[in-house]
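Report on the following structure.
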Amino acid sequence: MKTKKVSGSEAVILSLLEEGVETIFGYPGGAIMPIYDLLYDYQDKLKHILTRHEQGAAHAAQGYARVTGRVGVCMVTSGPGATNLTTGLADAMLDSTPIICISGQVVSGLLGTDAFQETDVMGFSMPITKWNIQITRAEEIPEMMARAFFIATTGRPGPVMIDITKDAQFAELDFSYEKCNDVRSYVPRPKLQMEYVEKAAELINNAKKPLALVGQGVILSGAEKELLAFIEKTQIPAAWTLLGNSAMPSDHPLNVGMLGMHGNYGPNIKTNESDLLIALGMRFDDRVTGDVKSYGTMAKVVHFEIDHSEVNKNVKADIAVIADIKETFEAILPLIKKNRHEEWLNQFKHAYQYEYEKVIEQDIHPEKEGLTMGEVIRMITEKTKGEAILVTDVGQHQMIANRYFKFKHSRSLVTSGGLGTMGFGLPAAFGAQTGRPDKTVVAAIGDGGFQMTIQELGTIWQNKAPVKIVLLNNNFLGMVRQWQQLFFDKRYSSTELTNPDFITIAKGFGINGKKVTKRKDLEVTIEEMLSYEGPFLLEVSVEKEDNVFPMVPSGASVSDIRLE
């Protein structure tokens with residue numbers, strides 16, 4: 001195998017290039033400086049984007065990974081640089097996002113001495129990464145980098161942390177690179193067991209009221225076409241989890257809406273009327289199930305899942321097919337019969353009509369004087385014709401956006417699901433725009449989350465990224481306030497915000513923007529934002545005390561869903 005003598009720092013860069021990496025998000029510092037110095041010589045091959053905070057680098061890497069299907073890479077220094085990544089690592093872990101985070105570390109001789117900017121990176125990152133490794137010798141770098149990419153991207157994807165001591169970055173090695181295709185005791189693709197596929201097919205063929213629960217696993221596996229073939233052959237109504245949104249077109253006749261706490265009325269109440277729940281790459285999160293003791297009370301459960309640890313963890317499966325879901329679809333399609341469930345599907349249509357009259361009509365065509373989040377999202381999705389990528393922060397606007405934004409294409413939604421990270425939206429939107437410069441990227445953000453990572457406006461402006469930021473401002477931490485209203489006797493403790501002039505702040509960063517307070521100005525300003533060539537901040541003042549309905553109260557049954 002051909003080798004060449006390089007430093008450990010150059011070995012890191014060459015390894016990234018061998019893996020096809022084109023973009024890194026990061027923030028330099030003392031312990032990572034040798035790699036940054038070598039990066040200077042590779043600017044034509046490897047683009048580095050300087051974020052304003054390490055958390056922003058991690059979220060940008062997530063946004064990049066989610067829209068491209070490739071690994072997002074970020075690089076930081078030791079100590080606070082590494083610890084600032086923890087929120088992004090935990091978020092990526094819960095949402096199965098493949099990112100690789102490289103941190104510098106003090107020289108190996110100082111490990112464990114509480115040296116300047118030393119932290120136990122292995123200790124704090126172990127529970128929030130799929131794999132982590134500390135490299136103290138330069139010759140380890142190529143093999144460990146290759147292993148990191150293999151682990152991050154195979155099976156159920158996830159984040160990997162690589163900590164490299166400063167002396168390993170300086171030392172020399174004979175560099176050669178071989179991509180990793182196997183790690184002992186790691187089985188990323190469980191072997192498909194046809195006996196379970198056959199049993200699952202039998203249950204599906206005999207079900208009278210089946211309901212498909214579409215999770216992000218469908219997207220991660222690239223099984224969107226197989227999903228459509230599956231539901232169209234069986235005519236099974238399909239609902240989606242928050243992260244499963246965009247796996248199938250929003251307007252597909254078998255798409256019956258969102259599951260869970262703020263999901264659609266039909267999928268929630270029909271869960272306990274279904275005789276078969278077919279879980280497709282989803283993990284039965286508590287936000288989907290509510291009280292698990294009263295979940296799917298009349299249903300058998302078929303679970304298609306790649307991660308065996310998720311099977312029977314929250315909801316017991318009658319039949320589990322543990323394998324890559326694309327492979328599972330391909331195996332089961334010849335075994336399932338063409339079917340029709342017209343009466344069952346009509347029940348979902350009736351439930352939607354009931355929800356439309358009670359909730360949706362007032363959300364998207366309000367009679368009240370003040371603007372609503374729903375009408376803003378409805379108008380943006382109409383103007384973008386389902387072709388935009390939507391990135392959200394976390395809160396009321398997140399639920400509204402997922403309910404009313406319409407998608408034609410997979411990987412068009414980027415949101416923080418399992419961790420619910422406020423501050424995720426702005427840097428993730430920048431990462432998404434970097435990964436898909438051909439797409440319009442719309443970031444829907446609340447006034448609380450916006451201020452958590454507002455400094456990333458500087459990253460957006462420096463890189464001239466044409467992100468369209470829609471700030472839905474109700475001067476509250478809206479989701480917390482809603483819970484205080486409904487469950488804590490309207491005791492609004494520490495949730496009202498006195499906000500700055502966001503448009504002036506954006507202009508300070510060189511970003512154009514406008515504020516809308518009246519309905520008559522909304523449409524023309526949205527059109528102006530979407531046609532503007534650079535980044536744009538649209539701030540919309542919305543009703544202060546609007547709530548997101550439907551809602552399944554925490555710990556309640558999905559059958560107890562509230563419409564008001």
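Note that the structure is predicted; figures quoted are calculated from it, not measured. Computed over heavy atoms, backbone and side chain alike; hydrogens, waters and symmetry mates excluded.
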*For the pair D251 and K408, find out whether any cationic side-chain nitrogen is under 4.0 Å from an anionic carboxylate oxygen.*
no
*Is the count of non-hydrogen atoms from other residues, nucleotides or ligands lying under 6.0 Å from K385 atom NZ greater than 12?*
no
*Side-chain contact, heavy-atom cut-off 4.5 Å: S78 with V121?*
no
*With a 4.5 Å limit on heavy-atom distance, are the side chains of L227 and H252 in contact?*
no
*Taking NZ, NE, NH1 and NH2 as the nitrogens, is one of them in D489 or R491 under 4.0 Å from a carboxylate oxygen of the other?*
no
*Let me see the working for E375 and R378 under salt bridge (charged side-chain N to carboxylate O under 4.0 Å, His left out), right down to the final yes or no.*
CA-CA 5 Å; E375 66 179 309; R378 175 193 62 83; 5.4 Å; no
*Does some side-chain heavy atom of Y404 sit less than 4.5 Å from a side-chain heavy atom of I364?*
yes
*asked:* Regarding K514 and E528, does a basic nitrogen lie under 4.0 Å from an acidic carboxylate oxygen?
replied: yes
*For the residue pair I460 and E456, establish whether any side-chain heavy-atom pair is separated by less than 4.5 Å.*
no
*Given side chains that start at C-beta, do those of L85 and M161 come closer than 4.5 Å, heavy atoms only?*
yes
_Could you go through R287 and D285, starting from their C-alpha distance and side-chain angles, then the distance that decides it, and tell me whether this counts as salt bridge (charged side-chain N to carboxylate O under 4.0 Å, His left out)?_
CA-CA 5 Å; R287 282 298 193 262; D285 176 74; 5.9 Å; no
*Can you find a side-chain donor-acceptor pair between Q398 and D393 that sits under 3.5 Å?*
no
*Give a yes or no on whether a salt bridge exists between E310 and K313, defined as a side-chain N under 4.0 angstrom from a carboxylate O.*
yes
*Within a reach of under 6.0 Å around OH of Y27, are more than 12 heavy atoms found that belong to other residues, nucleotides or ligands?*
no
*asked:* Strictly below 4.0 Å, N to O, side chains only: are E22 and K47 in salt-bridge contact?
replied: no
*Under a 4.0 Å N-O cut-off, is there an ion pair linking K358 with E564?*
no
*Non-hydrogen side-chain atoms of T51 and P427 separated by less than 4.5 Å*: no
*Please tell me if the side chains of I269 and S559 come closer than 4.5 Å, counting only heavy atoms from C-beta onward.*
no
*asked:* Check for me whether R481 meets the cation-pi criterion with Y492, that is, NZ or CZ under 6.0 Å from the six-membered ring centre and within 45 degrees of the ring axis.
replied: yes
*asked:* Looking at E369 and R519, is any side-chain nitrogen of the basic one under 4.0 Å from a carboxylate oxygen of the acidic one?
replied: no
*Do D438 and R436 sit within salt-bridge range, that is, some charged N less than 4.0 Å from a carboxylate O?*
yes
*Would you call K518 and L371 a side-chain contact if the rule is heavy atoms closer than 4.5 Å?*
no
